[in-house]
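Let me begin by presenting the structure, written as structure tokens, before commenting on it.
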Amino acid sequence: MSKTMWFGLFGCLTACIASGCSAETSQTQEVTLPYRGEMKTAPHSQTDGAYTAYTLISDVAGDPVFADYGRLLFPQQPWYYNGRTLGSLQLTWYSCIDPKKTVEIANYLKKRAEAGETIFYDIYTEEEKAADSEKNNTGLFFFKGRAGAPFAVCSAGGGFAYVAAMHDSFPQALELSKRGYNAFALIYRPDAQKACEDLSRAIAFIFAHADELGVRTYGYSLWGGSAGARMAAWVGSYGTAAFSGGNLPKPAAVIMQYTGYSEYSAADPPTYACVGEEDGIADWLTMKRRLQKLKALGIDTEFHHYPGLRHGFGLGTGTPAEGWLDEAVCFWERQLQ
């Protein structure tokens with residue numbers, strides 16, 4: 001890998017901006033967390049019914065329906081998030097966190113687990129996890145779509161310091177499944193090299209178990225936000241074999257959100273990218289220039305930038321970015337024609 005891969009991480013690891021959606025344009029809606037600061041009056045959470053915004057994060061993570069993987073729903077480094085309930089969850093470097101979506105995701109996974117469906121898959125064997133304890137904190141959450149539909153792997157950001165899945169990969173995976181696609185949200189080791197190894201291993205796992213999972217391997221896509229977008233770009237460009245994942249086909253498309261990644265080559269897959277113009281971590285002009293260079297190489301690209309938006313807007317509900325996911329899906333589908 002290029003040294004650019006390593007030097008490019010410092011922006012993710014050292015830059016930090018205040019959370020919250022900018023209201024600098026008339027189109028931008030400020031997203032607030034109505035339950036923040038109300039913990040003293042919130043009722044005690046229970047896990048025998050549907051979760052609510054008042055449900056304690058600890059109760060969700062420890063819900064027996066999730067066996068021993070419930071803890072992976074939330075960052076394993078607690079200093080990177082705050083809030084004790086689903087409704088008050090906030091994540092470092094992220095804006096526009098939607099409490100309703102957080103509750104929806106938790107209930108979606110709970111309902112499927114209660115129905116006896118497998119929603120989580122280990123990507124490493126017990127022997128591999130015993131040899132490397134960090135691999136105990138990896139795996140795939142499965143958001144099932146139509147049987148035989150292509151799959152997508154979504155990787156959250158977190159500056160390679162933690163995995164912000166509840167805002168940066170679970171929502172995207174859930175929305176993709178609603179559109180009929182099979183989506184996986186990867187929980188990976190927060191280290192650039194190891195994260196790419198985990199993503200490559202996850203792709204290999206899906207290929208090896210495609211019949212069991214009911215997914216089509218041809219035309220799969222890689223999605224990611226921030227650090228997760230770098231993972232998607234690296235694996236998409238270098239291939240899974242470069243990260244000990246075996247020699248597998250490259251993705252039909254890479255979908256990237258808010259990362260200042262600038263490396264490019266003729267080996268890059270078709271790429272969609274989007275970012276906010278007020279992003280203090282990922283310069284939107286850097287992303288624009290990279291996409292222009294890919295296009296000059298004959299690679300299909302699509303780029304969107306949104307006024308007033310900061311880093312980590314996720315689905316962008318209620319902001320100028322709302323609807324970007326449908327545009328990205330159309331871009332992916334174009335590569336399948």
Side-chain angles (χ1 to χ4, degrees), residues 11-24 28-43 45 51-62 70-109 141 154-175 185 187 190 224-229 257-259 275-276 278-282 306 308-319 321-322:
C12 290
L13 295 172
T14 61
C16 180
I17 59 175
S19 293
C21 297
S22 170
E24 294 180 19
T28 309
Q29 176 183 339
E30 184 75 11
V31 178
T32 60
L33 297 178
Y35 302 102
R36 188 165 176 77
E38 298 179 9
M39 275 302 302
K40 291 183 179 179
T41 58
S45 174
Y51 301 133
T52 72
Y54 290 109
T55 302
L56 297 175
I57 290 172
S58 59
D59 283 350
V60 178
R71 61 191 176 81
L72 298 178
L73 292 167
F74 304 96
Q76 293 303 287
Q77 301 76 18
W79 47 91
Y80 284 107
Y81 75 89
N82 60 42
R84 294 183 60 202
T85 64
L86 292 180
S88 65
L89 176 66
Q90 292 194 357
L91 298 163
T92 301
W93 299 311
Y94 282 91
S95 61
C96 305
I97 297 175
D98 183 356
K100 291 181 180 179
K101 181 59 66 174
T102 302
V103 173
E104 179 187 359
I105 291 164
N107 278 317
Y108 165 85
L109 293 171
F141 283 94
C154 303
S155 300
F160 294 114
Y162 78 105
V163 180
M166 190 56 79
H167 176 63
D168 212 25
S169 61
F170 291 165
Q172 290 86 335
L174 177 59
E175 292 304 311
I187 307 300
S226 197
Q257 287 185 274
Y258 34 78
T259 184
V275 63
E278 298 301 318
D279 194 319
I281 296 177
Y306 311 108
L309 276 189
R310 299 179 182 177
H311 193 73
F313 53 78
L315 294 179
T317 305
T319 78
E322 184 168 0

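Along the sequence shown, the residues carry numbers beginning at 1.
Counting heavy atoms from C-beta outward, L174 and Y108 have side chains that approach closer than 4.5 Å.
Taking the six-membered ring for Trp and thresholds of 30 and 60 degrees, H167 and Y94 have ring planes more than 60 degrees apart, a perpendicular arrangement.
In terms of heavy-atom proximity, L91 sits nearest to P75 at CD2-CG, 3.9 Å. The heavy-atom pair separating A165 from I187 by the smallest distance is CB-CD1, 3.8 Å. The minimum heavy-atom distance linking S169 with S155 is given by the pair CB-C, 4.1 Å. Heavy atoms only, all atoms of each residue included: A173 and A185 are closest at CB-CB, 4.5 Å. When all heavy atoms of S226 and G157 are compared, the closest pair comes out as CB-CA, 4.1 Å. In terms of heavy-atom proximity, G158 sits nearest to A227 at N-CB, 4.2 Å.
Remark: E322 engages no residue in a salt bridge (Lys or Arg N to Asp or Glu O under 4.0 Å) (not counting sequence neighbours).
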Between L109 and L73, is the side-chain contact (heavy atoms from CB on, under 4.5 Å) condition met? List the steps.
CA-CA 10 Å; L109 293 171; L73 292 167; 3.6 Å; yes
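Of the N and O atoms on the side chains of Y258 and D168, at least one donor lies less than 3.5 Å from an acceptor on the other residue. There is no side-chain donor-acceptor pair under 3.5 Å between S95 and H311.
Of the inter-residue distances, the one linking L89 atom CG with I97 atom CD1 reads 5.5 Å to the nearest 0.5 angstrom. To the nearest 0.5 angstrom, C96 atom SG is 10.5 Å from L315 atom CG. Atom CG in L86 sits 10.0 Å away from atom CD1 in I105 (nearest 0.5 Å). Residue M166 holds its CE atom at 12.0 Å from CG of D98, rounded to the nearest 0.5 Å. For the atom pair NZ (K100) and OG1 (T102), the distance works out to 12.0 Å, reported to the nearest 0.5 Å. For the atom pair Y162 OH and T92 OG1, the distance stands at 5.0 Å (nearest 0.5 Å).
Between W93 and the choices F160, Y81, Y80, the ring-ring contact (aromatic ring centres under 6.0 Å, His included) rule is met once, by Y80.
Between the side chain of Q76 and the main chain of F74, a donor-acceptor pair closer than 3.5 Å is present. A donor-acceptor pair is defined here as one N or O able to donate and one able to accept, closer than 3.5 Å; no such pair exists between the side chain of D59 and the backbone of T55. Without hydrogens or angle criteria, Q257 side chain to G314 main chain gives a donor-acceptor distance under 3.5 Å. When atom types are taken as modelled, the side chain of T319 and the backbone of A321 share a donor-acceptor pair closer than 3.5 angstrom.
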